[in-house]
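Below is one structure; the comments refer to it alone.
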2 protein chains.
Amino acid sequence: MRRSKKSREQIIRELMPVFRGDSFSGASLAELAAAVGLGKASLYQKFPDGKAQMGAEVLDQAGRWMKTEILIPLEQPGDPIQKFNAMLSAVDAFYEGGQMSCLLNTFSLGEAGKLYRDTLADSIRRWREGLAGLARRAGLTPKNATEWAEEVLLNIQGALVVSRAEGDPSVFQRTLKRLHRRGIA
Amino acid sequence: MRRSKKSREQIIRELMPVFRGDSFSGASLAELAAAVGLGKASLYQKFPDGKAQMGAEVLDQAGRWMKTEILIPLEQPGDPIQKFNAMLSAVDAFYEGGQMSCLLNTFSLGEAGKLYRDTLADSIRRWREGLAGLARRAGLTPKNATEWAEEVLLNIQGALVVSRAEGDPSVFQRTLKRLHRRGIA
DNA sequence: GTCTATAATAGGATAGAC
DNA sequence: GTCTATCCTATTATAGAC
């Protein structure tokens, strides 16, 4: 037990839901500080470049989550269907059953969009390619694999939007079940 | 020519892109006023309850657009496929080829979500039911019709998110083409 | 390392002149 | 009806004490 204080990773984990609950512009320093349990000045000690840096590091951490929980598992040898279902479970957990927004959505609005666009586009590209590779290994033609991968992505992102707008995550749940049922085709 | 000044409808039309370019919290009075070409004080003359009222009226106008451009056409007698394709064209125009966000997305974030939830949920419900009704008339079972309608909605909403995050509307274009190709099934 | 205090700016909203 | 000027609060950010 070397440290009783919070790790940076833990701090970033606590910042994330603030950025996911509203847009980047909607996330205030007051909320961010409260979420971490520190004063605003203390946050600036850890993130000298302020909100933009917090956003960048939150996005980085989400990218690392995607890599370990999505991309690497998808690439492992083994039954593609099983890999796909594991991804759906990871997605369900990360979005808390459809109750949490995606940073791809909240960080692409307004001025923040310009600031983080490259990172966002890169995340989408890697997710899409990870899925497409899986689908090719499952026997789909390259063309069909690409199309299937994109559809999976759009269904997840669309379900997150609609769930939030309805204030009811059941669409998200139905969508994950449907993707599971459809499989890789 | 009774009036040379702007109609209220025109003003609301000019407010809309500000709310669609960022979240409700991200849309500032300065931007809103600039979009209309008036001072902030003049906007308050027209919208005494401020930003919340502007948001509500923008949402109302979007709801009327949906009714005239989506729901009523979907209900008209005639070839369901043709109705569906007309809807895809209207959607393409309204979202400007994938370059404009949906208010269902931007108004459901943060505090605004609580404020507008009922309206948003109602719009989604009507859109979904309009599509499901069309699918039933096209011969799908009620169960399949409901599922197809939801998938169409999620693909559109997902494509808008991904297009914006990538800074490239081509996903949206591909998605509309794919929905057209798939038809009602 | 965290706090209080404070600066500087932007945001939402109103008063009152024209 | 629109404007300038202004108010109040929130917001981002920093200085300096502990």
Side-chain angles (χ1 to χ4, degrees), chain A residues 1-59 103 106-107 109-116, chain B residues 1-59 103 106-107 109-116:
Chain A
M1 48 200 70
R2 213 178 87 254
R3 299 180 298 170
S4 63
K5 65 181 174 58
K6 275 175 193 167
S7 69
R8 190 170 187 86
E9 192 184 340
Q10 175 61 21
I11 289 171
I12 295 172
R13 208 197 317 281
E14 290 166 346
L15 291 175
M16 195 179 291
V18 181
F19 285 115
R20 294 171 79 184
D22 201 333
S23 57
F24 180 79
S25 25
S28 72
L29 283 198
E31 288 172 292
L32 291 163
V36 178
L38 286 175
K40 291 190 271 180
S42 306
L43 260 192
Y44 272 91
Q45 195 67 235
K46 300 174 189 305
F47 303 92
D49 291 340
K51 206 166 91 159
Q53 185 181 1
M54 297 178 213
E57 297 203 21
V58 162
L59 209 49
L103 292 168
T106 63
F107 273 44
L109 291 163
E111 284 302 307
K114 294 166 192 159
L115 193 55
Y116 299 112
Chain B
M1 50 198 67
R2 213 179 87 254
R3 299 178 299 170
S4 63
K5 66 183 173 57
K6 277 175 192 167
S7 69
R8 190 171 187 85
E9 191 183 341
Q10 176 60 21
I11 290 171
I12 294 171
R13 208 196 319 281
E14 290 167 346
L15 292 174
M16 195 179 292
V18 182
F19 285 116
R20 293 172 80 184
D22 200 333
S23 57
F24 180 80
S25 25
S28 72
L29 282 199
E31 287 173 291
L32 291 163
V36 177
L38 287 175
K40 289 193 273 181
S42 307
L43 261 192
Y44 271 89
Q45 196 66 234
K46 300 173 190 306
F47 302 92
D49 290 341
K51 206 165 91 159
Q53 184 182 0
M54 297 177 212
E57 297 203 21
V58 163
L59 209 48
L103 292 168
T106 62
F107 273 44
L109 291 163
E111 284 302 308
K114 294 166 193 160
L115 194 54
Y116 299 112

Quiz prompt | Separation of atom CG in B:Leu38 from atom P in D:dT4, rounded to whole Å | solution = 12 Å

Practice problem: Would you mind telling me which residue lines up with the more 5' stretch of DNA chain D, A:Ala27 or A:Ala41, judged by nearest nucleotide? | Solution: A:Ala27

Quiz item: For the atom pair CD (B:Gln45) and CG (B:Leu38), what is the distance rounded to the nearest 0.5 Å?
Solution: 10.5 Å

Quiz item: Nearest-Å distance, CD (A:Glu111) to C1' (D:dT11)?
Solution: 17 Å

Quiz prompt | No-hydrogen, no-angle side-chain donor-acceptor test under 3.5 Å, A:Ser7 and A:Gln10 | solution = no

Quiz prompt | Note, B:Leu115 side chain near B:Phe107 side chain (heavy atom, < 4.5 Å) | solution = no

Quiz item: Do B:Met54 and B:Leu29 have side-chain heavy atoms sitting under 4.5 Å apart?
Solution: yes

Exercise. Identify whether any heavy atom of A:Ala52 sits under 4.0 Å from a base atom; if not, whether one sits that close to sugar-phosphate; answer base, sugar-phosphate or nothing.
Key: nothing

Quiz item: Within the structure shown, what part of the strands sits under 4.0 Å from B:Lys40 by heavy-atom distance: base, sugar-phosphate, or nothing?
Solution: base

Quiz item: Nearest-Å distance, CE (A:Met54) to P (D:dA13)?
Solution: 8 Å

Exercise. Could you say whether B:Ser25 or A:Ser42 is positioned toward the 5' end of DNA chain C, judged by the nucleotide with the nearest heavy atom to each?
Key: A:Ser42

Quiz item: Within the pair A:Tyr44 and D:dA13, is there a side-chain N or O less than 4.0 Å away from OP1 or OP2?
Solution: yes

Quiz item: Can you check whether A:Val36's main-chain N or O pairs, donor with acceptor, with A:Lys6's side chain at less than 3.5 Å?
Solution: yes

Quiz prompt | Contact check, side chains of B:Leu15 and B:Phe47, non-hydrogen atoms, under 4.5 Å | solution = yes

Quiz prompt | First and last nucleotide of DNA chain C, 5' to 3', lying under 4.0 Å from heavy atoms of chain B | solution = C:dG11 to C:dA15

Quiz prompt | Nearest-Å distance for atom pair CD/P, residues A:Gln45 and D:dA13 | solution = 15 Å

Practice problem: Determine the contact category for B:Ser28: base if any of its heavy atoms lies under 4.0 Å from a base atom, sugar-phosphate if only primed atoms, P, OP1 or OP2 are that close, otherwise nothing. | Solution: sugar-phosphate

